[in-house]
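Predicted, not measured: the structure shown is a model, and the values here were computed from it.
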Amino acid sequence: MSWVANVMISVDMADGANVEGLSEWLRTEAPRDVRPESRGVGFLNLMTAPRTNQWGGWKQPECEVWAGVLNHADLDALRRRVFEAPWREPHLVQLMVMDQEEGFFRLWMLRGGELRQFAPLQPNEEGGGFYQHL
């Protein structure tokens, strides 16, 4: 059985090496949520590279966005890792996470010396009336 989380992270171009390190940590060392002794949950790919840009439009994006699908990831450990990374431009880091059975991305940004969630907490998928078709 699989439990996936969709993850995107947008950073300043000067912080590409930090995301590469984060991706390698995800691939080889990141703990899993159900079996912390198991390591590795996936990795991130750069979606906005000039030659392989996946975005629409006629221009190249002026940001770096990395994305990946993680399997059984300990998302608290991921957020801690993002918080502790030595970002050159920490105020430009945006971590977007949509865990399985969630319907929208949660946005996390570094502000005031902490990693804060900026997406609304309510309403959420658990509450009645969230989905219009149910």
Side-chain angles (χ1 to χ4, degrees):
M1 178 165 160
S2 185
W3 188 270
V4 300
N6 303 298
V7 174
M8 294 189 293
I9 187 166
S10 176
V11 298
D12 184 76
M13 292 179 181
D15 276 313
N18 278 324
V19 183
E20 289 173 4
L22 175 64
S23 181
E24 186 59 23
W25 175 81
L26 288 167
R27 181 189 313 268
T28 61
E29 298 175 41
R32 295 185 180 193
D33 61 350
V34 291
R35 290 189 342 216
E37 69 279 1
S38 296
R39 300 294 173 167
V41 296
F43 59 93
L44 305 172
N45 277 335
L46 178 60
M47 305 306 293
T48 53
R51 298 225 191 297
T52 59
N53 173 24
Q54 299 292 308
W55 287 21
W58 294 293
K59 299 289 185 178
Q60 292 295 322
E62 295 183 355
C63 61
E64 285 199 356
V65 177
W66 299 69
V69 179
L70 308 181
N71 187 35
H72 287 290
D74 179 338
L75 297 178
D76 288 334
L78 169 62
R79 286 188 290 270
R80 270 192 309 277
R81 186 72 176 202
V82 168
F83 173 72
E84 293 169 353
W87 303 106
R88 294 182 67 180
E89 296 295 343
H91 290 130
L92 300 182
V93 174
Q94 299 174 81
L95 175 66
M96 294 154 272
V97 179
M98 183 169 48
D99 202 3
Q100 187 163 328
E101 298 185 3
E102 291 180 342
F104 61 93
F105 282 92
R106 276 49 176 187
L107 173 65
W108 297 82
M109 297 175 74
L110 294 162
R111 295 292 188 270
E114 60 187 18
L115 187 64
R116 296 183 186 171
Q117 183 175 347
F118 280 86
L121 300 175
Q122 298 292 329
N124 64 36
E125 300 86 351
E126 301 294 321
F130 181 82
Y131 291 105
Q132 299 302 309
H133 66 278
L134 297 179

Correct closest heavy-atom pair for Val11 and Trp66 would be CG2-NE1, 4.4 Å
Between Asn45 (side chain only) and Met47 (backbone N and O only), is there a donor and an acceptor less than 3.5 Å apart? no
Does atom CD of Glu62 have more than 12 heavy-atom neighbours from other groups under 6.0 Å away? no
Please report the closest heavy-atom contact between Trp87 and Leu110, naming both atoms and the distance. CD1-CD1, 3.5 Å
Ala77 and Trp25: which non-hydrogen atoms are nearest, and at how many Å? O-CH2, 3.7 Å
When you look at CZ of Phe43, are more than 12 heavy atoms from neighbouring residues, nucleotides or ligands closer to it than 6.0 Å? no
For the pair Arg35 (side chain) and Asp33 (backbone), establish whether a donor and an acceptor sit closer than 3.5 Å, ignoring hydrogens and angles. no
Extract all donor-acceptor atom pairs below 3.5 Å that involve side chains of residues 89-99 and protein atoms in other chains or at least two apart in sequence.
residue: Asp99; atom: OD1; partner: Trp3; partner atom: NE1; Å: 2.9

Could you tell me which non-hydrogen atom of Pro86 sits nearest to which non-hydrogen atom of Asp15, and how far apart they are? O-OD1, 4.4 Å
Write down the atom of Leu75, the atom of Ala5, and the distance for their closest heavy-atom approach. CD2-CB, 4.0 Å
Spacing of Gln117 atom CD and Arg111 atom CZ [to the nearest 0.5 Å]: 14.5 Å
Arg32 side chain to Glu37 backbone, donor-acceptor under 3.5 Å: no
Could you report the tightest heavy-atom contact between Pro61 and Met13, atom names first, then the distance? O-CE, 4.2 Å
Does Arg81 make a cation-pi contact with Phe83 (under 6.0 Å, within 45 degrees of the axis)? no
Following the transitive rule for hydrophobic clusters with a side-chain heavy-atom cut-off under 4.5 Å over Ile, Leu, Val, Met, Phe, Trp and Tyr, establish whether Leu107 and Met8 coincide in one cluster. yes
Grouping I, L, V, M, F, W and Y whenever their side-chain heavy atoms are under 4.5 Å apart, do Met109 and Leu22 come out in a common cluster? no
Looking at NZ of Lys59 and CG of Asn53, how far apart are the two atoms once the value is rounded to the nearest 0.5 Å? 13.0 Å
Does any non-hydrogen side-chain atom of Val82 lie less than 4.5 Å from one of Leu78? yes
Rounded to the nearest 0.5 Å, how far does CG of Leu46 lie from CD1 of Ile9? 12.0 Å
Under a 4.5 Å side-chain heavy-atom rule over Ile, Leu, Val, Met, Phe, Trp and Tyr, are Phe105 and Leu115 clustered together? no
side-chain hydrogen bond (donor to acceptor under 3.5 Å, both in side chains) against Glu114, all qualifying residues, sequence neighbours excluded: Arg116
Close side-chain approach of Glu64 to Ser10, heavy-atom, < 4.5 Å: no
In this structure, are over 12 heavy atoms from other groups packed under 6.0 Å from Arg88 atom CZ? no
